Amino acid sequence: DIQVTQSPSSLSASVGDRVTITCRASQSISTFLNWYQQKPGKAPRLLIYTLATSQSGVPPRFLQSGVPSRFNGSGSGTDFTLTISSLQPEDFATYYCQQSYTTPYSFGQGTKLEIK
Amino acid sequence: QITLKESGPTLVKPTQTLTLTCTLSGFSLSDAGVAVGWIRQPPGKALEWLALIYWDDDKRYSPSHKNRLTITKDTSKNRVVLTMTNMDPVDTATYYCAHSPTGRAFDIWGQGTMITVSS
């Protein structure tokens with residue numbers, strides 16, 4: 001089974017800051033790493049996902065509809081990052097990565113982003 | 001508009017079997033490529049993937065719970081059912097069902113249902 005290790009577990013930042021969250025997979029997962037945002041008492045919200053295609057090459061990564069462009073996902077193989085370019089007040093939440101390369105799927109342990 | 005809603009008991013005794021229903025709206029689990037998954041989250045802890053059922057009735061399970069889990073679909077009633085046997089207090093969590101258009105990422109989630117396991 002593929003394990004996903006997320007870091008840091010918590011992060012303090014200010015509005016306007018640029019922040020980066022990292023996920024590392026225990027084996028190569030191509031680009032099949034999705035990102036979610038969760039606010040207290042709410043279900044997770046999909047931010048960034050990867051689509052499998054019939055074409056050769058690296059599977060493309062997409063921003064979910066309605067997600068601001070300040071969210072960006074990058075990486076391939078085993079190392080991935082979520083970057084928020086300029087934090088807004090509504091971005092303070094917990095973030096999770098999820099590998100979808102193969103079942104059983106797995107989530108990271110979460111990163112709680114708090115206001116400094 | 002796609003929506004999902006979980007339903008089931010709020011309290012389960014240890015050793016009992018939990019049956020959760022996910023009622024689907026706005027899509028059909030007979031649509032090619034579509035899947036519905038179950039994910040749970042213990043209080044204050046991370047998300048944990050449990051099971052997935054595809055449009056073609058292919059089923060996948062978490063090996064950590066495989067012997068305890070069964071996922072089924074009733075396309076005519078737009079429902080997905082998850083059963084988990086031999087419940088234990090460590091299974092106390094919010095259980096979510098979620099839509100996946102390709103069987104990989106989960107784009108639409110139910111509101112979740114909190115299940116407490118206690119005698």
Side-chain angles (χ1 to χ4, degrees), chain A residues 1-10 21 23 29-54 59-67 73 80 82 93-112, chain B residues 1-6 20 22 26 32-54 56-69 71 82 93-114:
Chain A
D1 300 351
I2 298 172
Q3 312 304 317
V4 180
T5 304
Q6 189 173 339
S7 62
S9 58
S10 64
I21 298 168
C23 274
I29 57 171
S30 182
T31 57
F32 289 102
L33 196 286
N34 310 305
W35 291 96
Y36 300 83
Q37 176 194 67
Q38 188 180 33
K39 295 185 176 179
K42 299 293 186 182
R45 171 196 182 197
L46 179 64
L47 299 176
I48 293 166
Y49 64 97
T50 299
L51 267 184
T53 68
S54 57
R61 188 178 281 117
F62 296 91
L63 202 62
Q64 175 70 348
S65 175
V67 174
F80 301 84
L82 173 69
T94 300
Y95 292 84
Y96 293 94
C97 57
Q98 175 231 339
Q99 70 83 11
S100 57
Y101 179 72
T102 186
T103 58
Y105 295 151
S106 45
F107 288 89
Q109 299 90 333
T111 296
K112 187 174 184 179
Chain B
Q1 179 190 5
I2 291 174
T3 63
L4 303 93
K5 187 172 184 179
E6 307 88 350
L20 291 172
C22 179
V34 171
V36 170
W38 285 94
I39 301 101
R40 73 177 183 180
Q41 185 172 37
K45 296 188 177 181
L47 300 166
E48 179 186 17
W49 180 83
L50 295 176
L52 187 67
I53 188 165
Y54 293 86
D56 60 358
D57 210 35
D58 187 12
K59 301 167 186 177
R60 306 294 173 90
Y61 296 100
S62 165
S64 300
H65 309 288
K66 181 173 183 179
N67 294 334
R68 301 172 55 208
L69 292 173
I71 189 169
L82 181 76
T94 296
Y95 287 73
Y96 296 99
C97 60
H99 170 270
S100 179
T102 62
R104 293 186 185 268
F106 300 101
D107 63 343
I108 309 292
W109 295 60
Q111 64 189 20
T113 185
M114 177 64 191

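Convention: sequence-line order gives letters A, B, ...; per-chain numbering from 1. The figures here come from the full heavy-atom set of this structure, side chains too, leaving out hydrogens, waters and symmetry mates. Since this is a predicted model, take the numbers as computed values, not measurements.
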Taking every non-hydrogen pair under 4.5 Å, which of B:G112, B:S62, B:P63 racks up the most with chain A?
B:P63
Check for a donor-acceptor pair, side chain of A:Y36 on one end and backbone N or O of B:F106 on the other, with a separation under 3.5 Å.
yes
Crowding at NZ, B:K45 (>12 non-hydrogen neighbours, <6.0 Å):
no
Heavy-atom contact with chain B under 4.5 Å, split by part of A:L47:
neither
Please confirm whether the backbone N or O of A:A43 pairs with a side-chain atom of B:Q41, one donor and one acceptor, at under 3.5 Å?
no
Closest non-hydrogen atom pair between A:Q109 and B:A46, with its separation:
O-CB, 3.6 Å
What part of B:I39 gets closer than 4.5 Å to chain A, counting heavy atoms only: side chain, backbone, both or neither?
side chain
Scanning both residues in full, the closest heavy-atom pair of B:D107 with A:Q64 reads CB-NE2, 3.7 Å
Restricting to non-hydrogen atoms, name the atom on B:Y96 and the atom on A:Q38 that form the minimum distance, rounded to 0.1 Å.
OH-NE2, 3.4 Å
Identify which part of B:L52 has an atom lying under 4.5 Å from any heavy atom of chain A, answering side chain, backbone, both or neither.
side chain
Minimum heavy-atom distance between B:R60 and A:T103, given as atom pair plus value
NH1-OG1, 3.0 Å
For the interface with chain B, which of A:Y105, A:F32, A:F107, A:Y49 has the highest count of heavy-atom pairs at distances below 4.5 Å?
A:Y105
